[in-house]
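Down below is the structure, laid out as structure tokens.
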Amino acid sequence: MIQTIRGFRDILPGETPLWQTIERAASQLFEDFGFQEIRLPLIERTELFARSIGEVTDIVEKEMYTFPDRKGENITLRPEATASVVRSYIQHKMYAVDPIQKLYTMGPMFRRERPQKGRYRQFFQINAEVFGIASPYIDAQLILLLNELFKRLGLTDLRAHLNSLGCRECRPLFHRALSEFLASKQDRLCSDCQRRMDKNPLRTLDCKVPGCREAMQDAPTTLDHLCSHCADHFETVKRTLKAQGVSFLVDKTLVRGLDYYSRTAFEIQTTALGAQSAVAGGGRYDALIQELGGPEMPAIGFAIGLDRLAEVMAQIKGCPASRGPDLFIIPLGQTAMEQAYLCSSRLNLAGVRSETDYNGKSLKSLMKRADKLNAGHALILDHRQPDKNAPVLRNMTTREQVTLALEDPTDEIIKILTNKGLPRD
RNA sequence: GUGGGUGUAGCUCAGUUGGCAGAGCGCUAGGUUGUGGUCCUGGAUGUCGAGGGUUCGAGCCCCUUCACUCACCCCA
């Protein structure tokens with residue numbers, strides 16, 4: 001048997017209604033807030049991700065699906081979407097038309113990690129990005145947007161974690177302070193943190209090893225080292241969120257694994273998924289557009305983990321039951337099958353959800369099937385004694401039945417079903 | 001990449017010191033020749049994850065491997 005490759009999976013018909021619910025809620029909300037959809041390639045030049053995400057990040061170092069195409073050029077299955085959105089903004093000089101762009105996109109991302117609950121090698125994200133606005137109100141708006149989306153989806157046990165990572169001015173000061181601190185605690189840190197010290201010192205802040213936590217107790221934080229601009233910015237974000245009734249938690253250990261983030265960083269966390277607690281995350285990346293060859297332009301964005309979100313929702317509400325057909329047609333006898341097919345098709349074309357049988361089964365088994373499909377009504381077309389058997393329409397919930405005229409019953413059925421002549425429940 | 005757990009019917013899972021492959025659900029056909037859900041009866045369905053080894057004999061023991069799963073790591 002040929003199976004999916006490791007870490008890849010099928011989203012089966014039983015699960016897709018839930019995914020569609022999420023996707024519709026998200027695009028509806030984003031459109032209301034003035035975002036436009038952008039659709040992007042799944043494959044980009046490797047260089048794009050190496051330069052944006054950062055050469056020394058785990059994503060770029062060991063998780064990307066990178067291979068040479070047939071002409072030897074290195075290409076990569078996108079591990080995230082922001083780099084592509086930025087590339088597109090620059091490539092099409094969107095800033096020349098209007099520097100302010102609010103864009104969203106959804107689709108699969110690829111990272112070759114060890115699969116686990118809520119972590120797949122192909123996973124789906126919904127991304128939203130705002131270019132050209134430096135104001136902290138936009139930071140607040142994106143968090144408000146996430147908060148509202150989750151609220152609309154019926155999720156309440158989610159927490160927004162918030163931090164500020166500083167900017168080009170204050171980050172170097174913080175780095176120096178942190179490095180000095182780490183050097184003084186070196187012998188008490190775990191082996192991972194020893195390695196992180198020079199590679200990616202920020203990450204030592206959210207290490208979960210108890211010994212490290214203790215050693216890092218009074219480590220310098222980004223918040224203590226913010227320059228006055230960053231501090232003002234962060235204060236405004238918090239004040240605005242409070243004014244809008246969005247609850248959040250300032251989490252000074254929140255750091256993000258992509259190098260391009262600056263100032264505001266945030267994550268929406270859940271307790272429902274074990275270790276994979278983040279269902280959405282994002283932040284400001286004011287330097288990235290310029291670093292990728294565009295103009296100096298502020299930017300901020302977030303990504304929602306669709307797989308995780310769907311998982312959390314399924315745990316809370318289960319998957320919505322699929323709606324059965326409005327009508328199941330039961331043909332009895334050879335000529336009935338043709339009439340059933342023609343009638344069913346006409347109903348489908350008229351917007352009535354109709355199904356019929358093509359296998360010539362018994363009345364009993366087809367009634368069972370109508371029941372299993374959760375059909376609203378059953379129509380019995382009995383041609384075995386053509387002169388005396390008129391079509392019968394049965395309401396499956398009330399068991400009420402009416403006998404229709406001998407001729408083609410399609411129009412009458414459309415009338416009855418669309419006028420609720422026979423109430424369904 | 002590291003460590004633990006699990007692989008038996010479509011699904012959830014039993015399977016004794018190594019001795020004929022099982023249950024429930026689901027599927028399917030019936031239950032006085034025109035009607036579903038409950039109930040009753042019959043039926044079909046297995047590379048016991050894969051490969052090798054030990055043995056008269058392996059679902060069970062040993063080795064290898066793959067997948068799933070949880071955690072680390074990392075992230076959404």
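In what follows, chains are A, B, ... by sequence order, proteins preceding strands, each numbered from 1. Atom set for the values below is all heavy atoms of this structure, side chains included, hydrogens, waters and symmetry mates excluded.
Comparing the same atom, C1', in B:G22 and in B:G59 gives a spacing of 12 Å after rounding to whole Å. Rounded to the nearest Å, the gap between the C1' atom of B:C63 and that of B:U69 is 23 Å. When the P atom is used for both B:G49 and B:A14, the distance is 13 Å, rounded to whole Å. Rounded to a whole angstrom, the distance from the C1' atom of B:G46 to that of B:G30 is 26 Å. Using P as the reference atom, B:C62 and B:C25 are 35 Å apart when rounded to the nearest Å. Rounded to whole Å, the C1' atom of B:U12 lies 11 Å from the corresponding atom of B:G26. A distance of about 14 Å separates the C1' atoms of B:C13 and B:A21, rounded to the whole Å. Taking atom C1' in both B:G24 and B:U8, one finds a spacing of 15 Å when rounded to whole Å.
A:R263 places no side-chain N or O within donor-acceptor distance of the main-chain N or O of A:Y285, the cut-off being under 3.5 Å. Counting only distance, with no hydrogens or angles, the side chain of A:S365 and the backbone of A:K361 share no donor-acceptor pair below 3.5 Å. Proximity of a side-chain donor or acceptor of A:S27 to a complementary backbone N or O of A:E23 within less than 3.5 Å is detected.
Residue contacts shown for A:A370 are absent, as no nucleic acid heavy atom lies under 4.0 Å away. The residue A:G282 sits apart from the nucleic acid: no heavy atom pair falls under 4.0 Å. Residue contacts for A:I380: at a heavy-atom cut-off of 4.0 Å it reaches a base atom on one of the strands shown. A:G7 comes within 4.0 angstrom of sugar-phosphate atoms only, judged by non-hydrogen atoms across all strands, and of no base. Within 4.0 Å of A:I304, counting heavy atoms only, lies no atom of the nucleic acid at all. Within the 4.0 angstrom heavy-atom criterion, no nucleotide atom of any strand lies near A:K62. Note on A:E63: only backbone sugar-phosphate atoms sit closer than 4.0 angstrom, heavy atoms only; bases stay farther off.
As the counterpart of B:G42, B:U28 is assigned, both hydrogen-bonding distances of the Watson-Crick or G-U wobble pattern falling under 3.5 Å. Across all strands shown, B:U54 has no partner, as no Watson-Crick or G-U wobble contact with both distances under 3.5 Å is found. Base pairing annotation: B:C72 forms a Watson-Crick or G-U wobble pair with B:G1, both donor-acceptor distances under 3.5 Å. With both pairing distances under 3.5 Å, B:A23 is matched to B:U12 as a Watson-Crick or G-U wobble pair. Under the Watson-Crick or G-U wobble criterion, with both distances below 3.5 Å, B:A67 is paired with B:U6.
With RNA chain B read from its 5' end, the first of the two nearest nucleotides for A:Q125 and A:I5 is the one closest to A:I5. Mapping A:R114 and A:G305 onto RNA chain B by nearest heavy atom places A:R114 closer to the 5' end of the strand.
In this model, the phosphate group of B:C70 is approached by a side-chain N or O of A:K117 to a distance below 4.0 Å at OP1 or OP2. Taking 4.0 angstrom as the limit, A:R399 places none of its side-chain polar atoms (N or O) nearer than this to OP1 or OP2 of B:G36.
Rounding to whole angstrom units, NZ of residue A:K364 and P of B:A29 are separated by 11 Å. Across the protein-nucleic acid pair, A:I268 atom CD1 and B:A76 atom C1' stand 11 Å apart, rounded to whole Å. As a whole-Å value, the separation of A:N359 CG from B:C27 C1' is 14 Å. Between A:L393 atom CG and B:U35 atom P the separation is 17 Å, expressed in whole Å. Whole-Å rounding puts the A:E267 CD to B:C74 C1' distance at 11 Å. Taking atom CD on A:E311 and atom P on B:U69, their separation rounds to 10 Å, with Å as the unit. Taking atom CD on A:E129 and atom P on B:A76, their separation rounds to 11 Å, with Å as the unit. Atoms NZ (A:K361) and C1' (B:G36) sit 15 Å apart, rounded to a whole Å.
In the model, A:S344 has a side-chain atom that pairs as donor or acceptor with a side-chain atom of A:S354 under 3.5 Å. Between A:Q339 and A:H383, the side chains place a donor N or O and an acceptor N or O closer than 3.5 Å (distance only, hydrogens not considered). For the residue pair A:T82 / A:E129, a side-chain donor-acceptor distance below 3.5 Å is found, with atom types taken as modelled. A:Q28 and A:R24 share no donor-acceptor pair across their side chains, judged by distance under 3.5 Å alone.
Picking from B:U35, B:C74, B:G36 the nucleotide with the shortest atom distance to the side chain of A:E113 gives B:C74. Looking at the side chain of A:Q116, the nearest of the listed nucleotides B:G37, B:C70, B:A76 is B:C70. When distances are taken from the side chain of A:K372 to each of B:U69, B:G37, B:C27, the shortest belongs to B:C27. For A:R119, counting side-chain heavy atoms from C-beta on, the closest listed nucleotide (B:C72, B:C70, B:U35) is B:C72. Minimum atom distance to the side chain of A:M367 is reached by B:U35, of the listed B:U35, B:G3, B:G30. With B:A76, B:G36, B:A71 as the choices, the nucleotide that has an atom nearest any side-chain atom of A:Y261 turns out to be B:A76. Minimum atom distance to the side chain of A:S362 is reached by B:G30, of the listed B:G30, B:C70, B:A67. Listed candidates were B:U35, B:A76, B:A29. Nearest to the side chain of A:S365 is B:A29. The side chain of A:A278 lies closest to B:A76 when the candidates are B:A76, B:G3, B:G36. Of the candidate nucleotides B:C73, B:G34, B:U28, B:G34 has the atom lying nearest to any side-chain atom of A:V392.
For the pair A:R78 and A:F110, the cation-pi test (distance below 6.0 Å, angle within 45°) is failed.
Ring centroids of A:F35 and A:Y104 are separated by 6.0 Å or more, keeping the two rings apart.
Residue side chain A:R112 does not reach the base of B:G1 through any donor-acceptor N/O pair under 3.5 Å, judged by distance alone. Donor-acceptor pairing under 3.5 Å, judged by distance alone, is absent between the side chain of A:R369 and the base of B:G36.
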